[in-house]
Amino acid sequence: MKLFAVRALSALALTTSVLASVPALAHAEEQTLNMPVIRGGDTSLLSTVDPSGYVASIDPKENAGLLNYCVQNEYVPDYDDAFRTLLEYNKKTNAVSDGADGNMFYAIGSAGQIRLNDHTYTVAMATLPLRQKTCKAVLERAKAAL
């Protein structure tokens, strides 16, 4: 049941981020978009901002969501260990409730985002080494809390 709840909230976070872009897409036909074409493997638009330093300052439930993001995308060195940690940390922080309400901090983290001081840092847009570094910090914080 908990695994289902984790995946359901992840799907909710993804759906929320997709739906947020719908109004912009509705007007895309009316305008000529000058967006660059991104080819497979092109990393030129990835950010070099290191979000790992912000992990210690975020809500524990957002950290749980980020751990979910990191495990799902396999940015952790040991998937099985990280998944067990995720389950224990979710239980400890009550990040994934049994009800249908969900938690917005968990959803934000599951979308691969860090919100801090009115700024949003998207882990998914960081270079791969920075994503892995951030996920390592997220996992270490979760383990330290257990």
Side-chain angles (χ1 to χ4, degrees), residues 1-28 33-36 38 40-146:
M1 180 62 186
K2 292 288 184 185
L3 179 59
F4 175 75
V6 168
R7 291 183 183 203
L9 277 176
S10 297
L12 174 65
L14 177 63
T15 303
T16 302
S17 64
V18 169
L19 290 177
S21 66
V22 170
L25 294 175
H27 298 289
L33 298 177
N34 293 323
M35 297 179 67
I38 299 176
D42 181 9
T43 59
S44 62
L45 296 177
L46 293 180
S47 172
T48 57
V49 173
D50 183 0
S52 65
Y54 305 123
V55 170
S57 303
I58 60 174
D59 187 277
K61 292 178 182 181
E62 189 172 336
N63 193 67
L66 274 168
L67 183 55
N68 179 50
Y69 169 82
C70 293
V71 169
Q72 281 189 341
N73 291 291
E74 299 185 27
Y75 294 134
V76 290
D78 183 349
Y79 178 87
D80 293 333
D81 177 57
F83 184 73
R84 283 190 297 277
T85 302
L86 172 64
L87 294 178
E88 292 175 34
Y89 191 60
N90 282 347
K91 187 182 290 185
K92 179 173 178 140
T93 61
N94 197 29
V96 180
S97 61
D98 289 333
D101 293 339
N103 182 291
M104 197 58 176
F105 287 113
Y106 188 83
I108 290 167
S110 290
Q113 296 182 345
I114 296 175
R115 290 187 37 175
L116 186 66
N117 300 329
D118 297 326
H119 294 302
T120 300
Y121 303 93
T122 305
V123 177
M125 291 305 297
T127 61
L128 181 60
L130 292 177
R131 279 180 263 166
Q132 292 169 329
K133 181 179 178 185
T134 301
C135 287
K136 181 181 178 188
V138 166
L139 181 59
E140 287 174 357
R141 178 177 173 191
K143 284 185 172 189
L146 295 178

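These numbers come from the heavy atoms of this one structure, side chains and all, not from hydrogens, waters or symmetry mates.
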Judged by atom type as modelled, is there a donor-acceptor pair below 3.5 Å linking the side chain of Lys92 to the main-chain atoms of Ala145?
yes

Can you say whether the rings of Tyr69 and Tyr75 are parallel (under 30°), tilted (30 to 60°) or perpendicular (over 60°)?
tilted

To the nearest 0.5 Å, tell me how far Leu139 CG sits from Leu66 CG.
12.0 Å

Contact summary for Ala124 and Leu46, nearest pair of heavy atoms
O-CD2, 4.3 Å

Dump the intermediate steps for side-chain contact (heavy atoms from CB on, under 4.5 Å) on Val49 and His119, then the final yes or no.
CA-CA 13 Å; Val49 173; His119 294 302; over 6 Å; no

How far does OH of Tyr106 sit from NZ of Lys61, to the nearest 0.5 angstrom?
12.0 Å

For Ser52, is there any backbone N or O sitting under 3.5 Å from a side-chain donor or acceptor partner on Thr134?
yes

Minimum heavy-atom distance Leu146-Thr85, with the two atoms named
CD1-CG2, 3.9 Å

Approximate separation, where rounding is to 0.5 Å, of Lys133 NZ and Leu128 CG
13.5 Å

Measuring from atom OG of Ser57 to atom CD1 of Ile114, what distance do you get when rounded to the nearest 0.5 angstrom?
9.5 Å

Check Ala64 against Leu86 and note the closest heavy-atom contact, atom names and distance.
O-CD1, 3.6 Å

Using a 4.5 Å cut-off on heavy atoms from C-beta on, say whether the side chain of Pro60 contacts that of Arg141.
yes

Ignoring hydrogens and angles, tell me if any N or O in the side chain of Asn103 forms a donor-acceptor pair with the backbone of Phe105 under 3.5 Å.
yes

Grab the two heavy atoms, one from Leu67 and one from Ala82, that are nearest each other, plus how far apart they are.
CD2-O, 4.4 Å

Nearest 0.5 Å, please: how far is CE in Met125 from CZ in Arg131?
8.5 Å

With Val55, which of Asn63, Leu116, Val123 fulfils side chain to side chain contact (heavy atoms under 4.5 Å, CB included)?
Asn63

Which distance, rounded to the nearest 0.5 Å, do you find between the CZ of Arg115 and the OG1 of Thr122?
11.0 Å

Let's go through Asp81 and Lys143 carefully: what are the C-alpha distance in whole Å and the side-chain angles of both, what is the deciding distance for side-chain contact (heavy atoms from CB on, under 4.5 Å) to 0.1 Å, and is it a yes or a no?
CA-CA 10 Å; Asp81 177 57; Lys143 284 185 172 189; 2.4 Å; yes

